[in-house]
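Encoded as structure tokens, the structure appears first; notes follow it.
A quick note: this is a predicted structure, and the numbers were derived from the prediction, not measured.
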Amino acid sequence: MIILTTDRLIIREFDISDAKAMFDLNSDKEVLKYTGDVAFESVGKTKDFLSNYPDYEKNGFGRWIVELKGTNEILGWCGLKKHEDGKVDIGYRFYQKEWGKGYATEAARACLEYGFELLELEEILGNSAIENKKSIRVFDKLGMKFIENKTCDGIEDAVRYRISKNEFLK
């Protein structure tokens with residue numbers, strides 16, 4: 001199901017047919033370097049993850065596949081995640097060959113707009129390892145502001161950014 005489109009991108013829900021692409025993405029050590037995540041064990045385990053992904057039903061949103069318009073090539077994923085504490089963050093992960101093309105910023109901006117306008121969220125956070133300068137640069141481009149150093153998802157040297165609905169929509 002398509003959630004959003006931008007000038008260059010289609011942002012849609014995960015599908016079990018995405019398993020090989022997601023497995024490949026999460027098999028790249030550079031892609032996972034700052035995430036605190038581990039690679040999927042197999043394409044089969046990736047299919048299990050995708051078929052049991054709870055966030056769409058539980059929260060009405062989640063992380064989504066990002067495709068290039070016109071080719072439907074999977075570039076990575078981006079989306080919103082509601083955590084146990086009720087806070088929502090923006091996250092993204094793209095193949096290395098797609099880094100530096102503005103896809104993360106474009107997709108994340110569309111997801112923030114979705115969160116603020118359709119989900120009526122009041123704020124969205126961004127979490128990153130402090131060494132992940134590229135991810136922090138995306139936060140800056142989105143207008144997010146640094147709020148604190150905070151351990152996040154197993155990453156001890158992490159930073160937290162935030163943007164409010166009013167700041168984003170002004």
Side-chain angles (χ1 to χ4, degrees), residues 1-82 88-119 121 124-129 131-144 153 161 163 168-169:
M1 178 167 100
I2 293 175
I3 304 298
L4 301 163
T5 60
T6 68
D7 289 343
R8 301 184 294 167
L9 307 173
I10 295 170
I11 301 170
R12 63 167 176 80
E13 288 185 354
F14 293 142
D15 184 88
I16 197 163
S17 66
D18 301 322
K20 175 73 167 98
M22 292 291 284
F23 174 79
D24 291 345
L25 179 66
N26 277 23
S27 293
D28 186 326
K29 288 179 181 13
E30 279 301 304
V31 170
L32 291 185
K33 184 175 183 178
Y34 300 115
T35 67
D37 291 342
V38 295
F40 290 117
E41 292 176 26
S42 65
V43 174
K45 293 283 186 185
T46 310
K47 284 181 181 177
D48 291 344
F49 169 80
L50 294 173
S51 63
N52 295 304
Y53 184 72
D55 291 17
Y56 304 148
E57 187 174 318
K58 182 178 172 185
N59 301 314
F61 60 90
R63 307 297 199 203
W64 299 304
I65 287 289
V66 178
E67 296 179 344
L68 187 61
K69 260 187 190 173
T71 69
N72 292 67
E73 175 188 1
I74 294 175
L75 306 175
W77 60 258
C78 184
L80 304 170
K81 180 177 178 91
K82 187 172 188 176
V88 175
D89 77 4
I90 184 76
Y92 36 83
R93 190 171 298 169
F94 289 84
Y95 287 104
Q96 273 193 73
K97 67 182 181 129
E98 308 305 343
W99 294 358
K101 298 179 181 177
Y103 295 139
T105 304
E106 185 174 335
R109 184 172 282 118
C111 290
L112 290 178
E113 185 175 325
Y114 182 92
F116 290 131
E117 292 186 354
L118 294 169
L119 301 175
L121 299 172
I124 297 175
L125 303 174
N127 301 300
S128 176
E131 297 91 13
N132 191 348
K133 303 298 184 201
K134 291 178 182 177
S135 188
I136 293 169
R137 180 70 183 123
V138 172
F139 295 160
D140 290 339
K141 289 178 183 179
L142 296 170
M144 300 180 88
D153 296 329
Y161 281 62
I163 190 165
F168 185 76
L169 297 177

Taking only residues at least two apart or on different chains, which pairs with a member in residues 20-31 satisfy salt bridge (charged side-chain N to carboxylate O under 4.0 Å, His left out)?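 Passing the test, one end in residues 20-31: Lys20-Asp24.
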Tell me the salt bridge (charged side-chain N to carboxylate O under 4.0 Å, His left out) pairs involving residues 100-110, sequence neighbours left out?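 Counting only pairs at least two positions apart or across chains, the salt bridge (charged side-chain N to carboxylate O under 4.0 Å, His left out) contacts touching residues 100-110 are Arg8-Glu106, Glu98-Lys101.
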Side chain to side chain contact (heavy atoms under 4.5 Å, CB included) against Asp89, all qualifying residues, sequence neighbours excluded: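 Checked Asp89 against side chain to side chain contact (heavy atoms under 4.5 Å, CB included); matches are Arg63, Lys81, His83, Leu125, Asn127.
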Listed by chain and number, what are the side chain to side chain contact (heavy atoms under 4.5 Å, CB included) partners of Ser135, not counting sequence neighbours?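 By the side chain to side chain contact (heavy atoms under 4.5 Å, CB included) rule, Ser135 matches Tyr92, Ser128, Asn132, Phe139.
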As an exercise, state the distance from [atom1] of [X] to [atom2] of [Y], rounded to the nearest 0.5 Å.
X     : Y     : atom1 : atom2 : value
Glu13 : Ile3  : CD    : CD1   : 4.5 Å
Asp18 : Lys47 : CG    : NZ    : 11.5 Å
Thr46 : Ile16 : OG1   : CD1   : 10.0 Å
Met22 : Phe49 : CE    : CZ    : 6.0 Å

Checking Ile136 against Tyr161 for the side-chain contact (heavy atoms from CB on, under 4.5 Å) test, could you report, in this order, the C-alpha distance in whole Å, the side-chain angles of both residues, the deciding distance, and whether it holds? CA-CA 9 Å; Ile136 293 169; Tyr161 281 62; 3.2 Å; yes
Taking all atoms of both residues into account, what is the closest heavy-atom pair of [X] and [Y], and its distance?
X      : Y      : answer
Ile90  : Ile124 : N-CG2, 3.8 Å
Leu142 : Thr105 : CD2-O, 3.8 Å
Ile163 : Phe116 : O-CZ, 3.5 Å
Trp64  : Gly79  : CE3-CA, 4.0 Å
Ala104 : Phe94  : CA-CE1, 3.5 Å
Leu80  : Gly115 : CD1-CA, 3.8 Å

Enumerate donor-acceptor pairs with a distance under 3.5 Å from any side-chain N or O in residues 68-75 to protein atoms, sequence neighbours excluded.
unit_1 : atom_1 : unit_2 : atom_2 : d
Lys69  : NZ     : Thr6   : O      : 2.5
Thr71  : OG1    : Leu68  : O      : 3.4
Thr71  : OG1    : Glu73  : N      : 3.1
Asn72  : ND2    : Glu67  : OE1    : 3.1
Glu73  : OE2    : Lys97  : NZ     : 2.8

Check the pair Tyr114 / Leu119 against side-chain contact (heavy atoms from CB on, under 4.5 Å), numbers first and verdict last. CA-CA 7 Å; Tyr114 182 92; Leu119 301 175; 3.8 Å; yes
Whether over 12 other heavy atoms sit under 6.0 Å from Ile2 CD1: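 No.
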For Val31 and Leu25, what are the C-alpha separation, side-chain angles and deciding distance, and is it a side-chain contact (heavy atoms from CB on, under 4.5 Å)? CA-CA 7 Å; Val31 170; Leu25 179 66; 3.9 Å; yes
Pairs meeting criterion ring pair (Phe, Tyr, Trp, His ring centres under 6.0 Å) with involvement of residues 3-34, two or more places apart: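 Output for this query lists Phe14-Tyr53.
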Step by step, would you call Glu113 with Leu4 a side-chain contact (heavy atoms from CB on, under 4.5 Å)? CA-CA 10 Å; Glu113 185 175 325; Leu4 301 163; over 6 Å; no
